[in-house]
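When a ligand or atom number is given, it counts from 1 through the structure's own listing order. These numbers come from a predicted model, not from an experiment. Side chains are part of it too, since the values below use all heavy atoms of this structure and drop only hydrogens, waters and symmetry mates.
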Amino acid sequence: MSITDMTAPAAALTAHDFHSGATPIWCPGCGDYGVLSALEHALAMHGRPPHEVVMVSGIGCSSRLPAYTSCYGFHGVHGRALPFASGVKLARPDLEVIAVGGDGDGYSIGGNHFIHACRRNIDMLYLVMDNRVYGMTKGQPSPTTEADWDSDIAPGGLGLRPFDPIALALAAGANFVARGFAGRSEELANLIVEGIRWPGFAFIEVLSPCMAFRSEAFGWKESVHPASLTVIDDRAAAQAATLADDGYSLGLLFKDHRPSLPRQTAPLASLADVEAQFGVCG
Ligand SMILES: Cc1ncc(C[n+]2csc(CCOP(=O)(O)OP(=O)(O)O)c2C)c(N)n1
Ligand code: SF4
């Protein structure tokens, strides 16, 4: 490399730089295409190259996303994206860590990890593509499915009350809580950049319709609307606004400033370093 090359400013990144070249096998019309596009644009705007970004996922259609990006990726075990992502971030705080997955992955089998990730506040982005159904395993209801959602697999509906992931995240202590929509890719990209740059755990619930098992979710594009406000540093007010909300408000809903983990910025050398981070005694 010549001296001129070494001093030349790095070329601006584009969304294309974050594309792996693998063709997604998602169904035509799946909302996850919009999320992938928004994420690639967001990463380009953020400006860190693909080799400095780690994408972690569990299992599900949505959890295939890391393979479609050129970043480092880990497609792991169902419901375990967050513990793995936490380990990566604690060991390599110099890397940008993004965990992704579906509502089944993150709110059912991974629900416990979700609660504790909100509480621990490790610096990473968690993007949940919520289609209110298990897409990959052919349409079982998830924790966000409406009680009366009728399908071949659950005739008449399960009769179980869904929970609101935004309310749960607030109750568990999350400090950056937002909702996006796969069909509004540009807005979602801006929200994702904000989440990546937030110094702590950033949670974005993305409404991402499953066309194969919930084609009525096409109608979500008529239901979504901008949130009337972002609540800052007042968790009780944010919770009250969430409980009064119709569940389709988009944008940054809450942010609160609280110190995040890890507190060091250099890569950790050993398990002892990780234990010291968490105050684990021998
Ligand atoms: C331990 C374990 N239990 C169950 C499954 C079966 N399984 C695979 S994906 C999935 C649900 C996926 O739903 P979601 O996370 O909402 O993703 P989507 O496919 O809708 O994007 C389930 C139950 C599994 N792979 N591993
Ligand atoms: S089954 Fe649903 S979630 Fe899975 S790829 Fe098809 S449309 Fe997307």
Would you tell me whether Thr144 and Asp130 have side-chain atoms, one donor and one acceptor, within less than 3.5 Å of each other? yes

Numbering as shown, the atoms of ligand 2 that approach Met211 to under 4.0 Å (heavy-atom distance): 7 (S)

N/O donor-acceptor pair under 3.5 Å between Ser37 side chain and Gly34 backbone: no

Val35 and Leu188: which non-hydrogen atoms are nearest, and at how many Å? CA-CD2, 4.1 Å

Glu146 with Arg161: basic N within carboxylate O range, under 4.0 Å: no

Tyr33 and Trp26 aromatic ring geometry - parallel, tilted or perpendicular at 30°/60° bounds: perpendicular

Centroid-to-centroid, Phe181 to Trp220, below 6.0 Å? no

Verify whether one side chain among Glu40 and His16 offers a donor that lies under 3.5 Å from an acceptor in the other. no

Ring-plane angle category for Tyr107 and Phe203, please: parallel below 30°, perpendicular beyond 60°, tilted otherwise. perpendicular

Atom 4 (Fe) of ligand 2: which protein N, O or S atoms are under 2.8 Å away? Cys61 SG

In order of chain and number, which residues sit within 4.0 Å of ligand 1 by heavy atom? Ile59, Gly60, Cys61, Ser62, His78, Gly102, Asp103, Gly104, Asp105, Ile109, Asn131, Val133, Tyr134, Gly135, Met136, Thr137

Would you confirm whether the ring centroid of Phe213 sits within less than 6.0 angstrom of the ring centroid of Trp149? no

Are Val206 and Leu253 grouped together when hydrophobic residues (ILVMFWY) are joined by side-chain heavy atoms under 4.5 angstrom apart? no

